[in-house]
Amino acid sequence: MMELSQIIPHIEVLIFASDKPLTALDIVELINNAFGFMEQRITLDQVEASLEGVREKYNSEFYPFEVRESGGGWQFLTKKDYHKTIAQLNGDKFLKRLSNAALETLAIIAYKQPITKGEIEAIRGVNSDYSIQKLLEKELIIISGRNEALPGKPLVYATSRNFMDYFGINNAGDLPKIKEVLAEQIVEGTIISPEDFTDQPVQDALSSEEIPSEEPAAALTVNEEGELVDNSNPEEEAPEENPESGDTAGDDEEADEKETPQDPA
């Protein structure tokens with residue numbers, strides 16, 4: 001029976017040489033076919049354990065590529081840190097992006113598959129012939145069959161393995177959930193703190209200023225005679241001067257002036 005250390009090199013060369021992603025079952029079959037004379041054939045558990053070892057090996061910083069399960073199987077993929085370097089090999093073709101209309105159509109197909117063109121257009125509200133054609137040309141979607149229940153039995157579209165490989169997922173179940181996408185787009189209110197309106201700490205600012213009483217004094221009070229007195233206007237609190245006493249004070253001043261003796265000449 002082969003040890004894991006003996007199986008790992010065979011797994012590496014198979015993944016490296018394959019022009020398509022390989023599943024664990026594909027690897028089991030290929031290795032057993034290569035060593036058909038062995039009495040004990042390798043098992044799926046052995047291959048899966050070996051694949052985990054291969055994945056950990058190439059995850060180290062020493063290697064510029066990694067082994068990942070993408071597009072429906074295992075592949076050697078370059079790490080994202082080297083994206084700009086690899087882009088130089090492919091030029092503009094590598095940098096081409098999908099239009100907003102194509103991305104919108106692709107998202108609907110990915111989350112609603114299998115789906116007909118009529119259903120896509122009902123969601124988008126516009127004709128989608130051009131977007132669907134472009135996605136078919138780029139092999140991001142496929143015609144998976146026909147809807148036998150609808151009149152005319154229209155074609156049904158679904159995402160392809162190239163779609164999964166393009167977006168780095170292994171199957172449609174790896175797509176982010178709609179709730180997760182919407183949660184990231186929720187705009188939360190801005191929290192404003194008192195420090196946003198002053199250059200110094202709030203405690204220092206408050207200690208340097210007199211803090212007004214939270215409970216203002218009553219505007220109306222009752223005097224000894226049982227009458228209401230308005231205290232809201234400080235000027236009205238001052239007692240009114242007796243006009244007679246004012247005149248008397250004036251007369252006293254005039255009397256003082258008259259009684260002051262004049263110096264003899």
Side-chain angles (χ1 to χ4, degrees), residues 1-91 93-98 103 106-107 109-111 113-115 134-145 156-177:
M1 184 175 180
M2 293 182 68
E3 300 291 335
L4 294 184
S5 59
Q6 295 175 299
I7 298 175
I8 286 176
H10 295 281
I11 292 176
E12 290 177 326
V13 296
L14 284 173
I15 296 175
F16 179 81
S18 177
D19 59 352
K20 64 178 183 179
L22 292 177
T23 65
L25 287 174
D26 291 335
I27 294 171
V28 170
E29 182 179 358
L30 290 169
I31 294 179
N32 282 330
N33 289 341
F35 297 94
F37 58 88
M38 293 178 58
E39 295 181 358
Q40 294 183 346
R41 300 165 69 85
I42 66 169
T43 64
L44 179 61
D45 291 339
Q46 286 179 301
V47 169
E48 289 179 342
S50 299
L51 283 169
E52 185 62 24
V54 173
R55 188 185 65 80
E56 292 181 0
K57 171 184 175 180
Y58 290 101
N59 274 349
S60 67
E61 297 180 357
F62 181 78
Y63 297 98
F65 42 81
E66 60 186 344
V67 174
R68 284 182 53 193
E69 198 172 8
S70 175
W74 293 90
Q75 302 184 65
F76 269 104
L77 300 173
T78 53
K79 294 179 179 177
K80 61 182 181 181
D81 296 339
Y82 304 96
H83 167 79
K84 291 184 178 180
T85 304
I86 298 173
Q88 306 307 311
L89 289 173
N90 298 278
K93 179 181 178 181
F94 188 85
L95 299 176
K96 281 185 178 178
R97 297 183 178 182
L98 295 174
L103 274 175
L106 183 59
I109 296 174
Y111 282 100
Q113 60 182 313
I115 187 172
K134 284 298 179 183
L135 293 173
L136 286 170
E137 291 177 3
K138 293 180 180 294
E139 298 181 347
L140 293 175
I141 63 173
I142 59 172
I143 299 173
S144 60
V156 172
Y157 299 93
T159 53
S160 65
R161 284 187 174 271
N162 283 345
F163 164 82
M164 294 185 287
D165 195 22
Y166 187 90
F167 288 96
I169 60 176
N170 192 45
N171 53 60
D174 293 337
L175 288 169
K177 301 295 184 281

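Side chains are part of it too, since the values below use all heavy atoms of this structure and drop only hydrogens, waters and symmetry mates.
With rounding to the nearest 0.5 angstrom, the NZ atom of Lys57 is 14.5 Å from the CD atom of Glu66. Summarising the geometry, atom CD1 belonging to Ile11 is positioned 9.5 Å from atom CD belonging to Gln46; distances are rounded to the nearest 0.5 Å. In this structure, CD in Gln75 is found 10.0 Å from CG in Asp19, a value given to the nearest 0.5 Å. Between atom OG1 of residue Thr78 and atom NE2 of residue His83 there is a gap of 9.5 Å, rounded to the nearest 0.5 Å. To the nearest 0.5 Å, atom CD1 of residue Ile86 and atom CZ of residue Phe65 are 11.0 Å apart. In this structure, the separation between NZ on Lys79 and CG on Asn59 is 6.0 Å, given to the nearest 0.5 Å.
Within a 6.0 Å radius of CD in Glu29, other residues, nucleotides and ligands contribute 12 heavy atoms or fewer. Heavy-atom contacts from other residues, nucleotides or ligands closer than 6.0 Å to CD of Glu52 number more than 12. Within 6.0 Å of CD on Glu61 lie no more than 12 heavy atoms contributed by other residues, nucleotides or ligands.
Checked against Val47 for a side chain to side chain contact (heavy atoms under 4.5 Å, CB included), the options Leu30, Val28, Asn32 give a single hit: Val28. With respect to Tyr63, the ring pair (Phe, Tyr, Trp, His ring centres under 6.0 Å) criterion is satisfied by exactly one of Tyr58, Phe76, Tyr82: Tyr58.
Considering only heavy atoms from C-beta on, Asp26 stays 4.5 Å or farther from Leu14 through its side chain. Looking at Val67 and Trp74, their side chains come closer than 4.5 Å, going by heavy atoms from C-beta outward. Annotation: side chain of Ile143 is in contact with side chain of Tyr157 (closest heavy-atom distance under 4.5 Å).
Annotation for Leu44 and Ala24: closest pair CD1-CB, 3.7 Å, computed over non-hydrogen atoms. Shortest non-hydrogen contact noted between Thr159 and Ala110 is CG2-CA, 3.7 Å. Across every non-hydrogen atom of Arg161 and Gly72, the tightest pair is NH1-CA, 3.2 Å. Pairing each heavy atom of Ser50 with each of Ile8, the nearest pair is CB-CG1, 3.8 Å.
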### Task
Please test Leu140 against Ile109 for side chain to side chain contact (heavy atoms under 4.5 Å, CB included), starting from the C-alpha separation and ending with a verdict.
CA-CA 10 Å; Leu140 293 175; Ile109 296 174; over 6 Å; no

### Task
Dump the intermediate steps for side chain to side chain contact (heavy atoms under 4.5 Å, CB included) on Leu51 and Glu69, then the final yes or no.
CA-CA 10 Å; Leu51 283 169; Glu69 198 172 8; over 6 Å; no

### Query
Can you list the steps and then say if Ile141 with Leu136 is a side chain to side chain contact (heavy atoms under 4.5 Å, CB included)?
CA-CA 5 Å; Ile141 63 173; Leu136 286 170; 3.7 Å; yes

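Between His10 and Phe35, the two ring planes are perpendicular [angle over 60°; tilted spans 30° to 60°].
Looking at Gln88, its side chain does come within 3.5 Å of a backbone N or O of Lys84 through a donor-acceptor pair.
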